[in-house]
Amino acid sequence: MSHESASPRQSAAEKYLPARGKRVALCVTGSVAAYKAALLARLLVRAGAEVQVVQSRSSREFVGPATFAGITGRPPLCELFDADTGGELHVELAAESDAVVVMPATADCLARLATGRADDLVTATVLCATGQVIVAPAMHPSMWSHPATQRNVRQLTEDGRVTWVGPVSGEVASGDFGEGRMAEPEAVYGAIIRQLSLDAWQGRRLLISAGPTVEDVDPVRFISNRSTGKMGFALAERAAARGAEVTLVAGPTELPTPFDVTRVDVRSALEMQAALSEAAGPALSGTDALIMCAAVGDYRLEQAHATKLTRGGEGLTLELKENPDIIRALASERGGKRPVLVAFAVETEETELVLRARRKLERKGVDLVVANLARDSFGREHNVAVLVSEASHTALPELPKPAVADHVLDWVLARLVGSAVA
Ligand code: C5P
């Protein structure tokens, strides 16, 4: 039996960096939304990418070059002859970049791209790019819906070299509402990761359950637990950003749906079981992996009371019926080793955490149990987890939930691609 234990230092060094060593040319044009390009630059740098920002002249009225230089570690380029490269800057930029992104793309920028203009560094770089260019338009809804802009969008779509991200409907800088608001940096980041096929999660189907379940007692009362859903939503968000097709079956929670995730909302354990069975398909053939992160209530009332229970002066006894063990039932449907199955185990006692997790692994018939203590996980932004498989266990240090999610996803992926994993 191998015992691995990652120190926080070690784990930071080994952190999963989906865009490590990739070069991204981030072209920024003149819109109020330009500040969000700085957030995208930060996401990309954190993911390990080398980011070269290219600013149009007007974009500098909105965000100064120092901001981008501070985030990316290299000064933005602006003019066609900005750097003494001994060659043509736009040609080299396009050739050296693994992805070319325009965010935000103004109405004027789209007009110029649609006509093949190349009179500044942004348009010349886009014209030189041989692959798909990711474009995130941002403008007032009146400008977006104008026939001229729509004609330009159609032209660029027909030319077949643009991957559009947004725009979305919502509030724009002027305070007006409508279609034209730029997609959020996370959405553009997801499109870049997908375009570069940076992760072997690309195209794999992942089913995740999250949050609490709720069992109604009467129209105003229910039995539930303290789960907030943060861990399961972090798993869904990270998996989608890595290119997986994610279905998230969520118990009641206020959390927003992560970008590019299909969400099915449920309330009770039985509803969760039905939704998971439907999404998993016959003999679980509809998914490559299932991560059962939800805190499923073990008991329910046979039948919720139709009207509010009233005080009787003699106390109240509720008869509870056991809910099915959803993951155990699903695991029993699995023919071979697919899909990969992961359960979570929340404990309140630290003693024999690994041993009890391994017993759970056997009892439920899953491949991995993520064991954690309620005090470390419920409602918190961080988690302290131990990944327990049949053969070994890995104790992770305290990490933000998205980082825990990456460790779990890496383990599952290693199982899926058949590489050696304990
Ligand atoms: O047995 P225990 O509740 O500790 O197991 C926790 C794991 O089992 C979690 O993955 C949880 O989602 C799952 N579970 C389930 N159905 C239940 C109770 C728990 O699938 N009724």
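From a predicted model like this one, the values you see are computed outputs, not experimental measurements.
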Going by an N to O cut-off under 4.0 Å, is there a salt bridge joining E237 and R242?
no
Starting at CD of Q155, measure out to CG of L113 and round the result to the nearest 0.5 Å.
11.5 Å
Is there a side-chain contact between R358 and V369 (heavy atoms, below 4.5 Å)?
no
Could you verify whether a donor N or O on one side chain and an acceptor N or O on the other, from S174 and D176, lie under 3.5 Å apart?
yes
Do the side chain of R263 and the main chain of L248 share a donor and acceptor less than 3.5 angstrom apart?
no
Taking every heavy atom of P402 against every heavy atom of R238, the minimum-distance pair comes out as O-CG, 3.6 Å
Separation between CD (Q55) and CZ (F62), nearest 0.5 Å, reads 11.5 Å
Heavy-atom pair with the smallest gap, counting every atom of V370 and V408
CG2-CG2, 4.0 Å
Roughly how far apart are H393 NE2 and L353 CG, rounded to 0.5 Å?
9.0 Å
Side-chain (S31) to main-chain (P104) donor-acceptor, under 3.5 angstrom
no
Show, in sequence, the C-alpha distance, side-chain angles and deciding distance for V296 and I327, and conclude whether the side-chain contact (heavy atoms from CB on, under 4.5 Å) test is met.
CA-CA 10 Å; V296 184; I327 186 68; over 6 Å; no
Among M292, K364, R363, which residue satisfies the side chain to side chain contact (heavy atoms under 4.5 Å, CB included) criterion with D325?
K364
E278 CD: over 12 foreign heavy atoms closer than 6.0 Å:
no
Would you confirm whether S285, through its side chain, and G281, through its main-chain N or O, come within 3.5 Å as a donor-acceptor pair?
no
Determine, for R161 against D159, whether the closest basic-nitrogen to carboxylate-oxygen distance falls under 4.0 angstrom.
no
Basic-acidic side-chain contact under 4.0 Å: D288, R204
no
Run Y299 and I223 through side-chain contact (heavy atoms from CB on, under 4.5 Å) and show every step you take.
CA-CA 9 Å; Y299 298 96; I223 302 171; over 6 Å; no
E245/R205 ion pair, N-O < 4.0 Å
no
Between S56 (side chain only) and S59 (backbone N and O only), is there a donor and an acceptor less than 3.5 Å apart?
yes
After noting the C-alpha distance and the side-chain angles of E398 and R380, does the key distance pass the salt bridge (Lys or Arg N to Asp or Glu O under 4.0 Å) rule?
CA-CA 11 Å; E398 180 168 30; R380 295 186 64 229; 2.7 Å; yes
Would you call V188 and V101 a side-chain contact if the rule is heavy atoms closer than 4.5 Å?
yes
Check whether any side-chain heavy atom of V122 sits under 4.5 Å from a side-chain heavy atom of T29, and report yes or no.
yes
Side-chain donor-acceptor contact under 3.5 Å, T123 with D120:
yes
Donor-acceptor pair, Q52 side chain versus P75 backbone, under 3.5 Å?
yes
Can a salt bridge be assigned to the pair R221 and E215 using a cut-off of 4.0 Å between side-chain N and carboxylate O?
no
Using side-chain contact (heavy atoms from CB on, under 4.5 Å), reason through L396 and V386 one step at a time and then give a plain yes or no.
CA-CA 6 Å; L396 302 175; V386 189; over 6 Å; no
Could you tell me if N383 and N372 have a donor-acceptor pair between their side chains, going purely by distance under 3.5 Å?
yes
Kindly determine whether S169 and E179 satisfy side-chain hydrogen bond (donor to acceptor under 3.5 Å, both in side chains), including the steps that lead there.
CA-CA 4 Å; S169 282; E179 196 175 2; 5.0 Å; no
Between E186 and F259 the two heavy atoms that sit nearest each other are O-CD2, 4.4 Å
Could you state the interatomic distance from CE (M182) to OG1 (T106), rounded to the nearest 0.5 Å?
12.0 Å
Donor-acceptor under 3.5 Å (E322 side chain, R300 main chain)
no
Looking at D367 and R334, does any basic side-chain N land under 4.0 Å from a carboxylate oxygen?
yes
Quick check: are there more than 12 heavy atoms from other residues, nucleotides or ligands sitting under 6.0 Å from CD of E171?
yes
Would K36 and E184 pass as an ion pair if we require N to O under 4.0 Å?
yes
For the CZ atom on R42, are there more than 12 heavy atoms of other groups (residues, nucleotides or ligands in this structure) within a distance under 6.0 Å?
no
Taking CZ in R226 as the centre, count heavy atoms belonging to other residues, nucleotides or ligands within less than 6.0 Å. Is the count above 12?
no
What closest approach, in Å, do H90 and C128 show between heavy atoms, and which atom pair accounts for it?
CD2-SG, 3.6 Å
Can you tell me how far the CG atom of L93 sits from the CG atom of L121, to the nearest 0.5 Å?
6.0 Å
Going through the distances and angles, do E381 and K230 end up as a salt bridge (Lys or Arg N to Asp or Glu O under 4.0 Å)?
CA-CA 7 Å; E381 300 301 328; K230 282 183 185 157; 2.9 Å; yes
For L276 and S209: C-alpha separation, side-chain torsions, deciding distance, then whether side-chain contact (heavy atoms from CB on, under 4.5 Å) applies.
CA-CA 8 Å; L276 286 167; S209 73; 4.2 Å; yes
When you measure from the side chain of S97 to the backbone N and O of V24, does any donor-acceptor pair fall under 3.5 Å?
no
Minimum heavy-atom distance between C109 and V102, given as atom pair plus value
SG-CG1, 4.0 Å
Verify, without hydrogens or angle tests, whether R181 (side chain) and P141 (backbone) share a donor-acceptor contact under 3.5 angstrom.
no
Are E347 and R375 ion-paired here, with the side-chain N under 4.0 Å from a carboxylate O?
no
Is there side-chain contact between V54 and P76, with at least one heavy-atom pair below 4.5 Å?
no
Can you check whether F222's main-chain N or O pairs, donor with acceptor, with D216's side chain at less than 3.5 Å?
no
Counting only N and O atoms by type, is there a donor-acceptor contact under 3.5 Å from the side chain of T115 to the main-chain atoms of A111?
yes
Give, for atom OH of Y35 and atom CG of L39, the distance between the pair rounded to the nearest 0.5 Å.
7.5 Å
If you look at every heavy atom in G180 and W144, which pair is closest and at what distance?
CA-CB, 4.2 Å
